[in-house]
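Both counts, for ligands and for their atoms, begin at 1 and track the order of listing. Position 1 is the first residue of the sequence, and the numbers go up from there. The shown structure was predicted, so the numbers you read here are calculated from the model rather than taken from an experiment.
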Amino acid sequence: MEDYQNYLKEILISKEELQQRIAELGAEISADYVGKELLLVCILRGGVFFTVDLMKKISIPHLVEFMAISSYGAGVRESTGDVRVTLDLQINIRDKHVLLVEDIIDSGNTLASVIERLSVRHPKSIEVCTLLDKSSRREVDVPIKYRGFNIEDKFVFGYGLDLDEYFRGLPFIGVVDLEKYEPAE
Ligand code: IMP
Ligand code: MG
């Protein structure tokens with residue numbers, strides 16, 4: 001893999017803009033869930049940077065759990081909603097207020113399927129917090145309670161989001177230059 005600069009078209013959301021918005025979301029969540037048993041569910045691997053920074057901005061006591069899913073049936077850039085849980089939650093979510101923390105919602109298939117799977121475990125509530133929303137690509141309706149940024153239909157990477165598994169560690173969200181990067185199929 002070459003250096004990320006070779007594939008970067010532009011920086012879409014800077015490190016500062018990300019941190020500013022995450023602080024706002026953290027304050028909102030802290031106010032909304034005061035006195036409630038809040039459980040953040042981080043969707044691995046993309047949601048991990050967002051989850052960790054968000055936790056630092058949530059001022060009320062809360063729990064965190066991790067869940068990993070892989071979708072299959074479609075290409076690497078598309079999901080079908082046919083998801084498999086590869087790492088499940090380690091605790092019972094009954095009586096918890098679950099907040100799913102995701103990097104990006106594209107078609108909505110992945111999150112819709114996760115909500116369906118977790119709902120049958122009777123959490124007190126289940127809501128979604130996504131850093132990015134590619135709303136123009138939505139195929140399945142997903143109720144989003146907290147949204148960092150609505151973005152256009154561009155393939156992005158960094159801050160948890162990968163370019164064929166690389167570059168998740170970048171502190172900003174960048175747009176992939178598709179003229180310079182051949183996506184794997
Ligand atoms: P959905 O099921 O179509 O909503 O797909 C959501 C998943 O696709 C996200 O969790 C990401 O892993 C991946 N994804 C969608 N758009 C992008 C992107 O622009 N860059 C990197 N990953 C993406
Ligand atoms: Mg993801």
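More than 12 heavy atoms of other residues, nucleotides or ligands lie within 6.0 Å of NZ in Lys145, so this atom counts as buried by the packing criterion. Counting heavy atoms of neighbouring residues, nucleotides and ligands inside a 6.0 Å radius, atom CD of Glu179 does not exceed 12 of them.
Between Phe167 and Tyr4, the two ring planes are perpendicular [angle over 60°; tilted spans 30° to 60°].
Using modelled atom types and a 3.5 Å distance limit, the side chains of Asp32 and Tyr146 yield a donor-acceptor pair.
The heavy atom nearest to atom 11 (C) of ligand 1, considering only Leu111, Ile104, Val114, is found in Ile104. Of the candidates Ser70, Gly47, Gly108, Gly108 brings a heavy atom nearest to atom 4 (O) of ligand 1.
Ile105 and Arg138 get closest at one heavy-atom pair: O-NH2, 3.2 Å. Contact record, Thr110 with Glu102: CG2-OE2, 4.5 Å, taken as the closest heavy-atom pair.
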Contacts under 3.5 angstrom, residues 150-161 side chains, donor-acceptor by atom type, not counting sequence neighbours:
from	atom 1	to	atom 2	distance (Å)
Asn150	OD1	Ser135	OG	3.0
Asn150	ND2	Ser135	OG	3.2
Tyr159	OH	Phe49	O	3.3
Tyr159	OH	Asp53	OD2	2.6

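Of all the atoms in ligand 1, the ones that sit under 4.0 Å from a non-hydrogen atom of Glu102 are 10 (O). For ligand 1, the atoms sitting less than 4.0 Å from at least one non-hydrogen atom of Asp162 are 21 (C), numbered in the order shown with element in parentheses. For ligand 1, the atoms lying closer than 4.0 Å to a non-hydrogen atom of Lys154 are 19 (O). Taking a cut-off of under 4.0 Å to the non-hydrogen atoms of Asp103, the atoms of ligand 1 that pass are 9 (C), 10 (O).
Not counting sequence neighbours, the partners of Arg21 by the side chain to side chain donor-acceptor pair (under 3.5 Å) test are Glu24.
For the ligand labelled ligand 1, residue Glu139 lies outside the 4.0 Å heavy-atom shell. Gly46 does not count as a contact of ligand 1, since none of its heavy atoms falls under 4.0 Å from the ligand. In this structure, Phe157 does not count as a contact residue of ligand 1, since none of its heavy atoms falls inside 4.0 Å of the ligand.
For ligand 1, the polar-atom distance check against Phe155 finds no nitrogen or oxygen pair separated by under 3.5 Å. By the 3.5 Å distance cut-off applied to N or O atoms, Ile105 is not counted among the residues near ligand 1.
In Leu161, the part holding a heavy atom less than 4.0 Å from any atom of ligand 1 is the side chain.
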